[in-house]
Amino acid sequence: MNRRSSLPYTFLIPTVALLAILALTPTIYALNVSFTDRTLFSSSSNYIGFENYIDLLSDRRFVNSAYVSLKWEIMTVTTTMIMAVGLGVLMFECASPKMRNLYCLIFLIPVLLPRVCAAFVWKFAFHPLYGIVTYPYRAITGQPLDLLADPTTALMVVGFVDVWQWGFFFAVIIVKLLESLPPQPIEAARLDNAKPWQIHFYVTIPMLKAPLISLALVKAIESLRSFDLIYVMTRGGPGIATETLDMYAFSQGFIEAGKIGYASSIAVIMLLTTIITFTIIWKRVNK
Amino acid sequence: MITRFLGKSLLVFCAACVLVPLLWTLMNAFKVNADLLTPVPQFFFDPTFENITYVLSRQSVFGALYNSLIICLSAVGLGLVLGLPAAYAIARNPNRITQEIQFFVLSLRFLPPVAVAIPFMVIWLNLGMYDTRWSMIITYSLITISITIWLSIPGFQQVPKEIEEAARVDGYGPYAVFAKVALPVAMKSLLGALAFSFVLVWNEFMLALMLTTSDAKTLPIVASEMSQQGLNVPWGILNAAVVLLSIPPLLLLGLLSSFLNRSFAQKNR
């Protein structure tokens, strides 16, 4: 590339400037509002220092939602990765290349569906009286089965839908990664009479360590966007059993109290936690 | 032999886990409530077009469909105009600054949607632009531009440098090389990247929920509101709305699948 060309500057400066404005303005704004007692109903507000943050520490619902969010992250990331690796290896071993392409196409569908749609599809499938998933239980026991109304299972059902969307997608990526590996180590292991699961456990999966970690990180980032699923399926209920941080911020700011200042302080805490955590991890992984 | 058979059946089962719920939803969109709300699932029924016609005849659905199309296509357009050149500049000038820019673009995805939605709501209210298509387009362009940049950098890197050199020898300036050589050669991967950004904003829910109330409502919001009409959830209508909302992303399935294939096939070499 011609070093004296103006192209990099004209191509990069406007875009980066626009992105910076679009990203920094709301961030600074959120920080600013989080130090006020602004509400939805009046546009005047006073600066109250760190009061919102101090209130958060003694707010049990906030502590609960932080715990639910953490559970959600761990649960969805680990299940997605386990399912994706298992299914990816299964496709690699058991399906002919032609069938593999067909499966890849099918397994790509769930992640493309709008999350609102996925949520409704499964909400009806888990319907206590008419759902197709709960039908066997009803047929055997004659009792309705309401998993979404039970505090111990509600989060798992929502998590199941999330894994349904992402697990199949990641399985497709993993099968493509397996196909891109050099065949010699696999052949060598096969000549040593290694069983298929041994080959993958000891040879291919370790070779794919770096991309698998990146995938897990991508999933962790995408798992932060759980709001639509939870909003449609449970609205944070029953009680506050599935109330994640974004759900709680939303209900504080918009549904119950209209306390935008308070909601902003929750948003700021989420923002700082995710940016710091993911920046550190990402930089370390991609060194 | 037996394990192979078991493996194959497991794969068929997994495919069924994807397809059966979707086909079931499609079927339910053509059922009247009496066939839909039965303790035993009904596989045979008289199909009705009531739900579909009800959904399509609603003013709110039509308005939302129009809004969704205008907002998403404009945001993708902005992603194209601003994102593709930036991606090209990053791909062709690998150095510390562009590396930092690339990470900055990626880190925009770390922003929790609530942390963006709440301040944007206050900002658009203050500017008098709350609940307008313009405010939604600008908000969504944050998503489309960053995703387009991130996904089209590999596409531009795959354009052989020799072709660009040859064009330069023929007297093309750097801008002409971009427009007449790099863009057409990388076109297929770029289309995939743009399709991905379209699906992301088409499916987006939380920002639209907080930033619109009536005029600029998008289709996911209107679809989710259908469950709130009265005490009895109109499941047939809801299923029809779900089907309508899912069609555009599924139409892009082939394009996105070949985009995935291409990006992984390249790593092979």
Side-chain angles (χ1 to χ4, degrees), chain A residues 1-2 5 7-8 11-12 15-16 18-19 22-23 25-26 29-30 33 87 90-91 93-95 103-110 112-117 120-121 124-125 129-130 132 135 138 168 176 180 221 224-225 227-228 232 246 249-250 253 260 263-264 267 270-271 274-275 278-279, chain B residues 4 7-8 10-11 14-15 18-19 21-22 24-25 37-39 41 82-83 85-86 88-89 92-93 101 105 107-116 118-120 122-123 142 145-146 174-175 199 202-203 205-206 210 220 223-224 235 238 242 245-246 249-250 253 256-257 260 264 267-268:
Chain A
M1 173 123 288
N2 183 356
S5 161
L7 180 135
F11 276 7
L12 277 173
T15 307
V16 173
L18 182 72
L19 284 181
L22 280 179
T25 323
Y29 221 93
V33 175
L87 187 57
L90 193 68
M91 269 197 277
E93 284 296 323
C94 294
Y103 281 126
C104 284
L105 212 55
I106 292 173
F107 292 159
L108 210 52
I109 295 174
L112 294 182
L113 280 191
R115 302 203 101 195
V116 176
C117 294
F120 275 128
V121 166
F124 190 60
L129 294 174
Y130 316 118
I132 194 169
Y135 170 66
R138 288 198 312 269
F168 289 112
K176 309 257 178 231
S180 72
I221 294 167
L224 295 172
R225 278 151 233 274
F227 181 84
D228 3 15
V232 171
D246 40 9
F250 176 75
I260 296 189
S264 292
M270 282 180 77
L271 186 77
T274 51
I275 291 212
F278 286 125
T279 306
Chain B
R4 224 180 145 68
K8 284 197 173 171
L10 196 56
L11 274 177
C14 285
V18 172
L19 294 177
L22 300 179
W24 186 239
T25 306
L37 303 180
T38 52
L82 290 166
Y88 178 71
R92 279 292 172 252
N93 301 278
I101 293 177
V105 170
S107 71
L108 294 178
R109 198 79 193 145
F110 301 168
L111 296 176
V114 222
V116 179
I118 294 174
F120 259 129
V122 182
I123 292 169
L142 182 65
I145 295 174
S146 55
Y175 293 93
V199 171
W202 178 269
N203 295 354
F205 181 75
M206 188 188 208
M210 287 173 143
S224 82
W235 281 107
L238 198 56
V242 163
L245 182 58
S246 310
L250 291 185
L253 180 66
L256 293 172
S257 156
L260 273 184
F264 283 99
K267 276 189 184 156
N268 222 341

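Chain letters run A, B, ... following the sequence lines, proteins first, then strands; residues in each count from 1.
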*Asks:* Got a sec, which residues hit ring pair (Phe, Tyr, Trp, His ring centres under 6.0 Å) with Y29(A), two or more places apart in sequence or on another chain?
*Replies:*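 Per chain and number, Y29(A) pairs via ring pair (Phe, Tyr, Trp, His ring centres under 6.0 Å) with no residue.
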*Asks:* For the interface with chain A, which of G83(B), P21(B), P119(B), A89(B) has the highest count of heavy-atom pairs at distances below 4.5 Å?
*Replies:*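 Between G83(B), P21(B), P119(B), A89(B), the count favours P119(B).
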*Asks:* Quick one: which of I101(B), V122(B), L10(B) has the most heavy-atom pairs under 4.5 Å with chain A, could you say?
*Replies:*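 The answer is V122(B).
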*Asks:* Tell me, for F168(A) versus chain B, whether the close heavy atoms (under 4.5 Å) come from the side chain, the backbone, both or neither.
*Replies:*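 Answer is side chain: those atoms of F168(A) sit under 4.5 Å from chain B.
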*Asks:* Taking every heavy-atom pair that is under 4.5 Å apart, which of F227(A), F250(A), F278(A), F107(A) has the most such pairs with chain B?
*Replies:*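 Ranked by contacts with chain B, first place is F227(A).
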*Asks:* Sort out for me which of D246(A), I132(A), L129(A) touches chain B most, counting heavy-atom pairs under 4.5 Å.
*Replies:*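 When all of D246(A), I132(A), L129(A) are compared, I132(A) has the most.
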*Asks:* Side chain, backbone, both or neither: which part of L245(B) has a non-hydrogen atom closer than 4.5 Å to chain A?
*Replies:*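 Its backbone and side chain both get close to chain A.
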*Asks:* Let me know if A23(A) has heavy atoms under 4.5 Å from chain B in its side chain, its backbone, both or neither.
*Replies:*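 Both backbone and side chain.
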*Asks:* Looking at L260(B), V199(B), I123(B), which has the largest count of heavy-atom pairs under 4.5 Å with chain A?
*Replies:*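 It is I123(B).
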*Asks:* Under 4.5 Å from any heavy atom of chain A, what part of L111(B) do you find: side chain, backbone, both or neither?
*Replies:*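 The answer is both parts of L111(B).
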*Asks:* Taking V121(A)'s backbone N and O only, do any of them form a donor-acceptor pair with W24(B)'s side chain (distance below 3.5 Å, no angle check)?
*Replies:*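 Between the backbone of V121(A) and the side chain of W24(B) there is no qualifying donor-acceptor contact (under 3.5 Å).
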*Asks:* Is the shortest side-chain heavy-atom distance between M210(B) and P113(B) below 4.5 Å?
*Replies:*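 M210(B) vs P113(B): side chains apart.
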*Asks:* How many angstroms lie between CG in L90(A) and CG in L11(B), if you round to the nearest 0.5 Å?
*Replies:*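 With rounding to 0.5 Å, CG (L90(A)) is 4.0 Å from CG (L11(B)).
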*Asks:* As an exercise, state the distance from CG of L108(B) to CD1 of I145(B), rounded to the nearest 0.5 Å.
*Replies:*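 Output value for this atom pair is 10.0 Å.
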*Asks:* Please step through side-chain contact (heavy atoms from CB on, under 4.5 Å) for the pair L7(A) and Y88(B), ending with a clear verdict.
*Replies:* CA-CA 10 Å; L7(A) 180 135; Y88(B) 178 71; 3.9 Å; yes
*Asks:* May I ask you to decide if V242(B)'s main-chain N or O and S246(B)'s side chain share a donor-acceptor pair within less than 3.5 Å?
*Replies:*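 Side chain of S246(B) to backbone of V242(B): a pair is present.
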*Asks:* Ignoring hydrogens and angles, tell me if any N or O in the side chain of R115(A) forms a donor-acceptor pair with the backbone of R225(A) under 3.5 Å.
*Replies:*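 Yes, R115(A) side chain to R225(A) backbone: donor-acceptor pair under 3.5 Å.
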*Asks:* For L238(B), is it the side chain, the backbone, both or neither that has a heavy atom under 4.5 Å from a heavy atom of chain A?
*Replies:*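 Looking at L238(B), just its side chain touches chain A.
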*Asks:* Is F120(A) close to chain B through its backbone or its side chain, or both, or neither, when contacts mean heavy atoms under 4.5 Å?
*Replies:*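 Contact with chain B is through both the backbone and side chain of F120(A).
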*Asks:* Given the side-chain rings of Y175(B) and F11(A), with only the six-membered ring counted for Trp, is the space between their centroids under 6.0 Å?
*Replies:*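 Here the rings of F11(A) and Y175(B) have centres that are less than 6.0 Å from each other.
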*Asks:* Given heavy-atom pairs under 4.5 angstrom as the criterion, report whether the side chain, backbone, both or neither of V18(B) touches chain A.
*Replies:*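 Interface part for V18(B): both.
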*Asks:* If you count heavy-atom pairs under 4.5 Å between each of L113(A), L224(A), V16(A) and chain B, which one has the most?
*Replies:*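 Top option by heavy-atom pairs under 4.5 Å: L113(A).
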*Asks:* For L250(B), which atoms come within 4.5 Å of any heavy atom of chain A: side chain, backbone, both, or neither?
*Replies:*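 It is the side chain, since no backbone atom gets that close.
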*Asks:* Which one, T274(A), V33(A), I109(A), L18(A), leads in non-hydrogen pairs under 4.5 Å with chain B?
*Replies:*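 Highest number of heavy-atom pairs under 4.5 Å: I109(A).
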*Asks:* Let's test your reading of the structure: which of I275(A), V232(A), T279(A), I260(A) forms the most heavy-atom pairs below 4.5 Å with chain B?
*Replies:*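 Max contact count across the listed options: T279(A).
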*Asks:* Could you check whether any side-chain heavy atom of L22(A) comes within less than 4.5 Å of a side-chain heavy atom of F120(B), counting everything from C-beta outward?
*Replies:*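 SC-SC contact between L22(A) and F120(B) confirmed.
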*Asks:* Do D228(A) and N203(B) make a side-chain contact, defined as non-hydrogen atoms from C-beta onward lying under 4.5 Å apart?
*Replies:*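 Not touching, per the 4.5 Å side-chain cut-off.
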*Asks:* Top residue by heavy-atom pair count (under 4.5 Å) with chain A, among S107(B), P112(B), S146(B), P220(B)?
*Replies:*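 Heavy-atom pairs under 4.5 Å are most numerous for P112(B).
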